[in-house]
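Proteins get letters first, then strands, A, B, ... in listed order; numbering begins at 1 in each. Heavy atoms only: backbone and side chains are in, while hydrogens, waters and symmetry mates are out.
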2 protein chains.
Amino acid sequence: MAKRKPIPTNESRIPTMADVARIAGVSTSTVSRALAGLPPIPEETRQRIAQAAKEAGYAVNRHARSLRLKRSKVILVLIPNLANPNFPDLLIHIDRAAYDCGYDIMIAHTAIDPGRSDRYVDELLAGSIDGVLLTASYCPPRLLECIAAGRHLPIVRTLSPTPDLTGITAVQIDEVKAAYDVVDHLAKQGYKRIAHLGGPPKEIMAIARRKGWEKALADHGLSASPDLYIQSGFTMIEGQRAADEIRSRSELPDAIFCSNDESAYGLIAALKGHGLRIPQDIAVAGFDDLSFSAVMDPPLTTVRLPRRDMAERSIQKLKALIEDDADNDNTILAHELIIRASSLRS
Amino acid sequence: MAKRKPIPTNESRIPTMADVARIAGVSTSTVSRALAGLPPIPEETRQRIAQAAKEAGYAVNRHARSLRLKRSKVILVLIPNLANPNFPDLLIHIDRAAYDCGYDIMIAHTAIDPGRSDRYVDELLAGSIDGVLLTASYCPPRLLECIAAGRHLPIVRTLSPTPDLTGITAVQIDEVKAAYDVVDHLAKQGYKRIAHLGGPPKEIMAIARRKGWEKALADHGLSASPDLYIQSGFTMIEGQRAADEIRSRSELPDAIFCSNDESAYGLIAALKGHGLRIPQDIAVAGFDDLSFSAVMDPPLTTVRLPRRDMAERSIQKLKALIEDDADNDNTILAHELIIRASSLRS
DNA sequence: GTGAAAGCGCTAACAT
DNA sequence: ATGTTAGCGCTTTCAC
């Protein structure tokens, strides 16, 4: 025989629906329905219950609801690296779009410990979260297993280009084309020796951008000779380092297409440090259009990612996948070439 | 009489502990204990259960556990504005520190809709999350009510300076002193007309930094005449706008202390656009030490926030507040003045 | 229009 | 060393 406390009179208890029910003099089911705005409750009762809830300081417990509903209204966002402004800039819109659909977001930052992402896949598999939004090309191994096993999971990938992975809906831009556009612009400005600062060699994003560079050079009949490719990375530090390497070359390029804005920042800083003028001595272009690119000296030519669209479409797709199990084909969004002083022949 | 499904043979069900128990031929309590690594389970049984869990593709359901334990291991982080790199830069460390303590984080971005934060306070009040980390001086009204009502909640505030709010533990730097240090440095470089680009006038952070500026000027016997205070904001755009205003003044300042790095970026870009050289014509200093400040032209003198310490101490305090209900006094961390070319007399 | 009761998946007394 | 059982707070049939 369990001893039942007749009235739970603990002072600092968190109020539950039962408390509200007691105050309003109704049952918990009525409270639940009233608070959910379900039909067969007369306005008078609804009022009374709302009042009681307020009086009790009641708020619904997320876990009890999620357990019961088998749906949490939480989306997990996997972010490789918050230090790259691209991600927070995207996150702003993701957060907004998710909120507008009634979803909350949990974030998992994988920069330091990629293995960590596997733990979050479990959350999805256990039904603790409703869906996952990947913003990196990295895909947790455990997720790959599940997809390989034919399991259908609400996952959307955006920002980073997809490797040939079926089973994960993607929302992205045409990275190759975007890179092509930058180099095409440089070529049309009359630059002949257009170098490329390549990102991490195995990074799909970096590979795509390099491909665009090569393609544009070919189309303009320009050489993509090995000394025009400089291996670098996605950080300012690596951009700075690349500048030193370039300076050691016998012949300087007259333009450099950097695989992202951050490396362009580092490169430009270092080139200027060596007394070179941008764009008079060397033109530079980047990729991402971070907010600083507009105010730096000189303002940087770059590709603007449709971050807001990406975020909205991604969330919309994820929602559809969660709720209707639909909308699972890929989307390519338009990018925009932003031409600024760093690439203009004077 | 509830009809009990004898064996739940739905194909795509999410596996539960009961499934694992059935496979391993034990009860769910044994599974629970084994998976939690609790003592009285022999190694052999533990192995068998681990094997069964793997086979079933089992992962624990967060909501069921949280409901039962009345503890979610989730911390909510309130972030005013992700577009200000200060916040993602701090978030990196928050995320890391939380993860190391076994906490997950949910974020609530309040830039667009501040009222939204109230909804999240409910989560705390309902026991759906364990604690809240505020990274802004803005405090949700509902939270204020609760604190005023004497309710004790696990909340920590960091990054932004605290207004006179008792009941919320703070982890921060001495903003006034930090601003003082910057201006003191400028004065020691021999600058006489040291202007200040003020942030949003009602923002506590902006007020503190302005106070530091005034104090340092006074200590050096310099004037804080009204024409040396330029009302601006925390964004690049506002920094740019301020440059125009400065140019219209009859007498230019010889140094400008900006209330943050971002406005300094905008200011410098605009001043250079007007043909002024930094620091030869006007020295500039900022506040925050964003990563771009080191590579810009010229590199920017600024105050480095101890973001990592802030994050770690905040999480540590929050954890203590949640688990032991202790450690609720304020912490002041050391800042660091970073002197770079933008403020050096040549 | 409203209430009683079952049950979501888990953990922890309490039994054995 | 392991099983039985109650119950966390909620939603939702089903009955009235």
Side-chain angles (χ1 to χ4, degrees), chain A residues 1-5 8 10 13-22 24-49 52-53 56 58-73 122-123 125-129, chain B residues 1-5 8 10 13-22 24-49 52-53 56-73 122-123 125-130:
Chain A
M1 228 90 315
K3 58 165 184 265
R4 48 162 61 201
K5 32 186 166 176
N10 186 331
R13 265 179 55 260
I14 289 170
T16 73
M17 230 173 221
D19 298 311
V20 179
R22 195 158 13 78
V26 293
S27 73
T28 57
S29 16
T30 305
V31 174
S32 176
R33 280 187 285 245
L35 260 30
L38 259 45
I41 307 275
E43 191 49 30
E44 190 272 321
T45 314
R46 193 186 305 289
Q47 290 290 336
R48 190 154 43 88
I49 290 172
Y58 173 77
V60 48
N61 181 301
R62 163 192 295 271
H63 304 293
R65 170 182 279 169
S66 299
L67 180 59
R68 176 65 231 232
L69 258 30
K70 296 191 159 207
R71 189 137 289 179
S72 62
K73 287 285 191 175
D122 284 344
E123 300 271 337
L125 299 178
S128 301
I129 55 171
Chain B
M1 225 96 312
K3 58 162 185 265
R4 49 161 66 202
K5 35 184 166 183
N10 185 330
R13 267 180 54 260
I14 289 170
T16 74
M17 229 174 221
D19 298 310
V20 178
R22 193 156 15 76
V26 293
S27 73
T28 58
S29 25
T30 305
V31 175
S32 176
R33 281 186 287 244
L35 261 29
L38 259 45
I41 307 276
E43 191 49 32
E44 190 272 322
T45 315
R46 192 187 305 290
Q47 290 291 336
R48 192 155 39 88
I49 290 171
Y58 172 78
V60 48
N61 180 301
R62 165 190 292 270
H63 305 293
R65 170 182 279 170
S66 299
L67 179 59
R68 176 66 230 229
L69 295 181
K70 297 188 159 215
R71 189 135 289 178
S72 63
K73 287 286 191 175
D122 283 345
E123 300 272 337
L125 300 178
S128 302
I129 55 171
D130 292 346

Q: Expressed as a whole number of angstroms, how long is the span from A:Arg22:CZ to C:dG3:C1'?
A: 17 Å
Q: For the atom pair CG (B:Leu69) and CZ (B:Arg62), what is the distance rounded to the nearest 0.5 Å?
A: 12.0 Å
Q: How far apart are the C-alpha atoms of A:Tyr58 and A:Leu35, what are their side-chain angles, what is the distance that settles it, and do they pass the side-chain contact (heavy atoms from CB on, under 4.5 Å) test?
A: CA-CA 11 Å; A:Tyr58 173 77; A:Leu35 260 30; 3.7 Å; yes
Q: What is the distance, to the nearest angstrom, from the CZ atom on B:Arg13 to the C1' atom on C:dG9?
A: 11 Å
Q: Testing the basics here: between A:Ser72 and A:Ser66, what is the closest heavy-atom pair and its distance to 0.1 Å?
A: CA-OG, 3.4 Å
Q: Can you tell me how far C1' of C:dG9 sits from CG of A:Leu125, to the nearest Å?
A: 16 Å
Q: Applying side-chain contact (heavy atoms from CB on, under 4.5 Å), run through A:Ile49 and A:Val26 and close with a yes or a no.
A: CA-CA 8 Å; A:Ile49 290 172; A:Val26 293; 4.0 Å; yes
Q: Could you state the interatomic distance from OG (B:Ser29) to CG (B:Leu38), rounded to the nearest 0.5 Å?
A: 11.5 Å
Q: Nearest whole angstrom, please: distance from the P of D:dC8 to the CG of B:Asp130.
A: 19 Å
Q: What heavy-atom pair brings A:Ser27 and A:Ala21 nearest, and what distance separates the two atoms?
A: C-CB, 3.8 Å
Q: What one-letter contact string describes nucleotides 9-16 of chain D from 5' to 3', where B marks a base within less than 4.0 Å of any protein heavy atom, S marks contact via sugar-phosphate atoms alone, and - marks no contact?
A: BBBBB---
Q: Can you check whether B:Thr45 has a side-chain N or O nearer than 4.0 Å to OP1 or OP2 of D:dT2?
A: yes
Q: B:Glu44 has an atom CD; how far is it from atom P of D:dT2, in whole Å?
A: 8 Å
